[in-house]
Each structure stands twice: as C-alpha cells, then as structure tokens.
Novice: 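I am attaching a structure below and will ask some questions about it afterwards.
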Amino acid sequence: PESMPTDYEIAQSVKKQPITDIVESFGLSPDDLEQYGEYKAKVKLDAIERILTERTADGKLILVTGMTPTPMGEGKTVTTVGLGQAFNQIGKDALIAIREPSLGPVFGVKGGAAGGGWSQVLPMEDINLHFTGDIHALTAAHNLISTMLDNHFTQGNDLNIDVNEVRWKRAIDMNDRVLRETVIGLGGKTGGRPREGGFILTAASELMAVLCLADSIEDIKERVSRIIVAYDEDGAPVTVDDIDATGSVAILLKEALKPNVVQTIEGTPAFVHGGPFANIAHGTNSLMADEVASHLSEYLITEAGFGSDLGAEKFMDIVCRFGDMEPDAVTLVASVRALKYHGLDMWPPELDALEDEDIGAVQRGFENLDKHVENLQKFGVPVVVAVNRFPGDTDREVETVIEHCESELGIDAAESNVFSDGGEGGIDLAEKLTSAAESESQFEPLYSVDASIKEKIETVATEIYGSDGVEYHGDAEADIQQLTELGLDDVPVCMSKTFHSLSDDPSLKGVPDDWTLEVKEVYPSAGAGFLVVLTGDVLTLPGLPGEPAAAEMDIDPDGTVSGLF
Ligand SMILES: Nc1ncnc2c1ncn2[C@@H]1O[C@H](COP(=O)(O)OP(=O)(O)O)[C@@H](O)[C@H]1O
Ligand SMILES: O=COP(=O)(O)O
Ligand SMILES: [Mg+2]
C-alpha cells in the first residue's frame with residue numbers, strides 16, 4: 001500500500017534486541033543457545049531435554065489456518081506474528097512457531113514468509129534467504145542419498161535394485177521446472193547407469209518431514225534409516241540403511257535438527273524451524289519447536305499452510321497425533337480479496353480487479369469460508385474468524401464479513417489490523433481467541449489410523465474437500481495393494497493437492513460439487529511415518545511465474561537489499 005513503507009524498510013527501521021535478551025524472560029539462558037550472530041540462535045538439544053523434563057506443557061495451542069487463498073496468500077503468517085504480539089500486549093505470555101521460508105517462492109510468486117508490515121519476524125532478509133542453513137543442509141542430505149543410490153548401480157547393484165522402481169529424486173531449493181523430469185547417467189561408461197530421474201523442491205523432501213517430526217539425533221537416524229528410496233526386482237523396498245547412507249545423512253542434519261529462535265518486530269520470541277509446504281507436504285513447522293514453545297509459555301500460536309483443507313487437516317490428523325497435542329482454538333484467516341476471488345469465480349486471478357468495493361461478490365464468497373468453518377468444527381475445536389484487513393478494504397466490506405460470521409454462522413469474528421498496526425491491531429482477535437481457548441475443546445482426529453488406506457483417503461476427500469468420492473488412476477491401486485501387503489497402511493495419509501481449490505482442480509472456486517478426487521499415486525514416507533497421496537496435477541517442483549520476484553531485487557554497495565518482501 002502506497003501509504004506504508006515496504007516490509008524491508010519497516011524491518012530495517014526497527015531496533016532489534018539481542019536474541020539472548022528476547023528469550024531470557026521465557027526461561028532460556030544464553031548458554032542454552034548457539035548464536036548465529038546477535039539476532040539468530042538455535043536452542044541446544046540438551047537445553048531442550050532440560051526444558052521438556054523440568055517444565056510442564058501447559059501452554060494453550062492456537063492454530064492459524066485460512067480459507068482457500070488467492071495465489072498471493074491471505075495473511076496467515078502475518079496474523080500468527082501479529083497475534084504473538086497482541087497476546088503479549090494484553091499481558092498473556094505467548095510465543096509463536098512458524099516455518100522457515102523456501103527460496104522457491106521468495107524468488108517466485110509469493111515472496112518471503114516472514115510476515116509483513118508491522119507483524120514480521122526479524123531479521124527478515126536473513127530468514128527469507130540463508131537463515132541458519134537448515135534448507136541447504138536438507139538439500140545436501142537429500143542429494144547425498146541420491147548419489148549413494150546411483151553409485152550403488154555403478155558398483156554392481158548387488159541389492160538388485162530395479163532401475164525403473166527408483167522413487168528417490170534429487171532436491172533443489174529453487175522453482176526450476178526444467179529439472180522436474182530428467183534423464184541422468186548419460187556420458188557412456190563413466191557416466192553411470194542411464195535412467196529417468198528428476199528433482200523435487202526441498203520443502204517436499206521426505207527429509208523435511210523427518211526433520212519436522214524427529215525429536216533427537218537417535219530419532220532422526222532411526223527415521224532416516226527407514227526411508228524407502230527404491231524397490232528391488234522382487235518388489236521389496238530398499239531403504240537408506242540398505243545403501244549405507246544413514247550415518248552420513250544424520251551428520252549433515254545434526255545442526256538443522258535444533259530449532260531456530262528469532263524475534264518479532266515487537267520483541268516476541270519466534271521459533272522458525274522446518275519448512276514443509278502444505279500442498280506437497282504436511283505444512284507446519286517442527287514438532288520440536290511446538291514442544292519447546294508450549295513448555296515455555298502460556299500460549300503458543302502456530303500456523304498451518306494454505307487453506308484448512310491442507311495445513312489444518314494435516315495438523316490435526318498427522319502433527320497432533322504424532323505430537324500427542326491438540327489445538328485449544330483455531331483462527332481462520334479470511335480476507336475480503338479472497339472472498340471476492342471466490343465470489344467472482346475468478347480463475348486465473350486478476351488481483352487488481354479485486355480492489356473495487358463489491359459487497360455482492362464478498363457475500364457470494366461466503367460459501368468457501370463457511371465450508372472451511374464447517375470443516376474445522378468437525379475436529380471439535382472452537383473457531384474464530386480473523387478478517388485480515390488489506391488497505392483497499394472498505395468498512396462496509398469488513399463489516400459484512402463480521403456480521404455474516406456472528407449472525408449466520410454463530411461464531412466469533414474479529415477485524416485484524418496487525419499488518420498496519422502490529423499487535424495493537426490484533427487485540428480484539430486475541431481476546432476472542434483467549435476466551436475460545438478457555439472452553440473445553442472436544443478435539444478428535446478425522447479418522448482412525450487403523451482404517452484402510454482407501455477409507456482414510458475417502459474420508460478426507462468427502463468430509464473435507466466435499467468430493468462425491470475418489471477415483472484411483474495409474475498405479476494408485478497397485479500402490480495401495482503393495483503398501484497394505486508391506487504392512488505400511490496403519491499410518492495417517494498426507495494428501496498432496498492443489499491449494500487453489502477445495503477440489504483437485506485449481507480453476508474451481510467456492511465449494512465445488514459434482515466432482516470426484518483423482519488419486520494418481522500413493523507412496524510411503526516411511527521415515528516420517530505417513531503415506532503421501534498425490535492427486536490431480538500437483539507439482540512437487542513449481543516453476544517461476546511471468547514476473548519473478550527475483551527480477552525486482554537489488555543490492556546497494558552498502559549491502560542494502562531492495563525488492564525482498
Ligand atoms: N493485511 C495485509 N495488508 C497488506 N498486505 C498483507 C496483509 N496481510 C498479508 N499481506 C501480504 O500478503 C502476502 C501473504 O501474506 P502471508 O502472511 O505470507 O500469507 P499466508 O501465510 O497465508 O500465505 C505477504 O506478502 C504479506 O506481506
Ligand atoms: O504451505 C504454504 O504455506 P502458506 O500458506 O503460509 O504460504
Ligand atoms: Mg504463511
């Protein structure tokens with residue numbers, strides 16, 4: 001918005017405090033930290049050990065999710081950071097936990113993921129770029145497995161791996177579409193065994209999920225060892241342990257395992273750790289960050305990516321199950337622009353067309369918001385809607401949304417101005433969330449892990465996405481058969497689906513009906529402990545847009561960066 005400085009300018013204008021001072025009052029002392037400069041730190045594993053044993057986990061957990069977003073995102077991260085600040089402004093001890101950004105979107109469409117306006121985590125330019133190196137470490141570890149696997153072929157393939165059943169691709173933290181499907185091993189005898197290969201975004205790597213669910217070096221080794229990278233000629237799984245890569249991969253991840261802690265603009269401590277997207281992966285920060293934060297403060301506010309059909313569903317059905325925790329309240333972020341985007345049935349999005357006041361379009365967009373509210377209520381957790389106000393929104397538009405939530409849906413809603421006003425702008429929302437969190441939540445996951453694979457997929461597809469059913473394409477049925485025979489079926493399913501729609505068709509807005517979910521493939525993340533279900537045309541390695549954010553970036557001789565948002 002023209003009246004406001006850019007995110008970067010705001011971030012640079014803030015006098016940051018040393019990270020040791022920021023975390024002191026929450027019970028972390030300087031020797032609990034490994035500092036990466038004055039403003040970034042990792043929490044040492046023995047300090048975590050002490051905190052988890054000495055302190056009770058009585059922090060209430062507030063989950064931040066959203067309605068089906070425009071490609072720009074509707075402000076979950078901004079709201080999470082803003083709420084952390086607002087809670088502290090109303091005298092409640094609160095910490096936030098969010099994911100660390102991937103360079104893919106930073107240089108692509110969405111830009112950074114450090115919040116925005118007066119609700120950002122700092123130093124945003126470090127956090128959005130190399131941060132403390134976790135994503136680089138994951139990329140290296142992922143590709144170490146790839147090279148050990150291909151080397152196995154060159155050294156005689158005594159595991160009898162079926163070259164057409166290699167499942168482990170390479171990883172890169174960049175939206176580089178031409179690497180999605182590749183042919184490798186060219187160059188004759190010294191070039192290795194020619195075969196089809198490809199790359200995925202590091203955020204989609206199973207190692208990312210493993211890092212986010214592991215709680216110690218021992219655990220990460222055990223999980224890494226179980227990762228299935230291929231199948232042999234008899235169809236038996238080949239694991240990371242079979243190709244002798246477990247120890248070296250764990251060594252590469254030993255620093256990344258430790259959660260990062262930084263500060264928000266108003267000095268709230270923020271855990272920023274792990275970065276799985278919620279369309280192609282499970283979509284929330286590490287469990288370790290959640291565990292530590294909920295032992296250190298009264299409230300933990302954490303975000304699940306994309307709409308509630310993706311991040312929140314997986315948070316409830318995967319993360320809460322593994323972490324033995326449950327949300328005490330959920331805030332569903334809505335925006336006037338996203339409501340109009342659905343109300344105008346807009347695809348592809350022309351975001352500037354969403355600027356004009358259009359009460360009718362806002363109202364026609366309610367069906368999408370209502371479905372997300374209904375979905376969240378299926379988990380038995382109280383919901384508060386946050387109307388994240390953008391500069392162009394009119395009072396009438398915002399009031400229409402609040403009125404709809406309170407009188408039609410009978411749930412609390414609050415206008416949020418945390419982007420323009422920081423914590424001050426989220427006080428009403430924070431107060432509504434604290435009272436929602438007081439009520440006894442009747443949290444229940446959506447399905448039992450003992451249900452069949454098809455039952456679990458069909459439950460999510462019909463209950464959450466609103467499909468009439470599920471069709472299995474390609475080898476999906478054979479995958480399910482094989483996984484059941486291997487005894488890998490009694491785990492949660494991690495649905496990989498477009499975030500542009502409740503359905504698997506990005507162009508369908510609102511609440512699509514008369515459609516069935518197309519499942520293309522089901523594969524095990526045996527290290528993470530869930531099954532990944534690929535649907536529709538979801539891409540595990542996105543591409544750059546027509547106008548990449550990278551094209552607008554620059555750096556001055558004195559190191560001042562521009563174009564990063
Ligand atoms: N109220 C707002 N006013 C202006 N820009 C906003 C507002 N909320 C979010 N944004 C911007 O929109 C983009 C998406 O916000 P983000 O919080 O990352 O959304 P999400 O986490 O839901 O994807 C970011 O560039 C952010 O700075
Ligand atoms: O995985 C996606 O996360 P955001 O919705 O926060 O961009
Ligand atoms: Mg976000």
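None of the values given here were measured: they were computed from a predicted structure. All ligand and atom numbering here is 1-based and tracks the order in the structure.
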Novice: Considering the heavy atoms of Pro391, write down every atom of ligand 1 situated less than 4.0 Å from one of them.
Specialist: 3 (N), 4 (C)
Novice: Think Lys92 forms a cation-pi with Tyr299, using NZ or CZ under 6.0 Å from the six-ring centre and within 45 degrees of its axis?
Specialist: no
Novice: Any nitrogen or oxygen of Gly116, main chain or side chain, under 3.5 Å from a nitrogen or oxygen of ligand 1?
Specialist: no
Novice: Ignoring hydrogens and geometry beyond distance, is a side-chain donor-acceptor pair present between Thr302 and Asn285 at under 3.5 Å?
Specialist: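 On atom types as modelled, these side chains qualify, holding a pair under 3.5 Å.
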Novice: May I ask you to say whether Arg337 pairs ionically with Glu355, meaning some side-chain N is under 4.0 Å from a carboxylate O?
Specialist: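 A salt bridge is absent here (no side-chain N lies under 4.0 Å from a carboxylate O).
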Novice: Among side-chain atoms of His404 and Asp370, is any donor-acceptor pair under 3.5 angstrom?
Specialist: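 Yes.
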Novice: Which ligand 2 atoms does Gly305 reach within 4.0 Å, using its non-hydrogen atoms?
Specialist: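 Those atoms are 1 (O), 2 (C), 3 (O), 5 (O).
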Novice: Measuring from Ser501:OG to Asn368:CG, what's the distance to the nearest 0.5 Å?
Specialist: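 Taking OG in Ser501 and CG in Asn368, the distance rounds to 8.5 Å.
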Novice: Calculate the angle formed at the Mg ion (ligand 3) by OG1 in Thr77 and OE2 in Glu303; 10° precision is enough.
Specialist: 90°
Novice: Would the number of heavy atoms belonging to other residues, nucleotides or ligands and lying under 6.0 Å from CD of Glu552 be above 12?
Specialist: no
Novice: So, are Asp395 and Arg389 salt-bridged, with charged N and O less than 4.0 Å apart?
Specialist: yes
Novice: To the nearest 0.5 Å, what is the distance between CD (Glu367) and NE2 (His342)?
Specialist: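 So the CD of Glu367 and the NE2 of His342 are separated by 9.0 Å.
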Novice: Is any NZ, NE, NH1 or NH2 atom of the basic residue among Lys42 and Asp134 found under 4.0 Å from an Asp or Glu carboxylate oxygen of the other?
Specialist: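 Yes, this pair counts.
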Novice: Specify the protein heavy atom at minimum distance from atom 6 (O) of ligand 2: its residue, its atom name, and the distance to 0.1 Å.
Specialist: Glu303 OE2, 2.7 Å
Novice: Within a distance under 4.0 Å of any heavy atom of Glu74, pick out the atoms of ligand 1 and give their elements.
Specialist: 19 (O), 22 (O)
Novice: Just jot down the ligand 1 atoms closer than 4.0 angstrom to any heavy atom of Gly115, in number order.
Specialist: 27 (O)
Novice: Numbering the atoms of ligand 2 from 1, which are under 4.0 Å from a heavy atom of Lys110?
Specialist: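 Matching atoms, with element in brackets: 4 (P), 5 (O), 7 (O).
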Novice: Check this for me - ligand 2, Pro276, N or O atoms closer than 3.5 angstrom, yes or no?
Specialist: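 Looking only at distances, the answer is no, because the N/O contact criterion of under 3.5 Å is not met.
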Novice: Can you pull out the closest protein heavy atom to atom 3 (O) of ligand 2? Residue, atom name and distance to 0.1 Å, please.
Specialist: Arg99 NH2, 3.0 Å
Novice: Which of the numbered atoms in ligand 2 are below 4.0 angstrom from a heavy atom of Lys76?
Specialist: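 Result: 4 (P), 5 (O), 6 (O).
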Novice: State the atoms of ligand 2, each with its element, that fall below the 4.0 Å cut-off from a heavy-atom position in Phe277.
Specialist: 1 (O)
Novice: Is any NZ, NE, NH1 or NH2 atom of the basic residue among Asp345 and Arg364 found under 4.0 Å from an Asp or Glu carboxylate oxygen of the other?
Specialist: no
Novice: Closer than 4.0 angstrom, basic N to acidic O: yes or no for Lys378 and Glu374?
Specialist: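 Yes.
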Novice: Under a plain distance cut-off of 3.5 Å, with no hydrogens placed, do Glu74 and Thr70 share a side-chain donor-acceptor pair?
Specialist: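 Distance-only check passes for Thr70 and Glu74.
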Novice: Is Gly111 in contact with ligand 1, taking contact as a heavy-atom separation below 4.0 Å?
Specialist: no
Novice: Indicate, as side chain, backbone, both or neither, the part of Val418 found under 4.0 angstrom from ligand 1 when only non-hydrogen atoms are considered.
Specialist: neither
Novice: Just to check, does Lys110 reach to within less than 4.0 Å of ligand 1 when the distance is taken from its heavy atoms?
Specialist: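 Judged by the 4.0 Å heavy-atom criterion, Lys110 does count as contacting ligand 1.
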Novice: Quick check: does Gly75 get an N/O under 3.5 Å from an N/O on ligand 1?
Specialist: yes
Novice: Which of the numbered atoms in ligand 1 are under 4.0 angstrom from any heavy atom belonging to Asp7?
Specialist: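 Answer, ordered by atom number: 27 (O).
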Novice: Run the numbers for me: atoms of ligand 1, each under 4.0 Å from some heavy atom of Glu303, listed by number.
Specialist: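 This gives 21 (O) as the contact atoms.
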Novice: Under 4.0 Å from a heavy atom of Met72: give me the atoms of ligand 1 that qualify, with their elements.
Specialist: 13 (C), 14 (C)
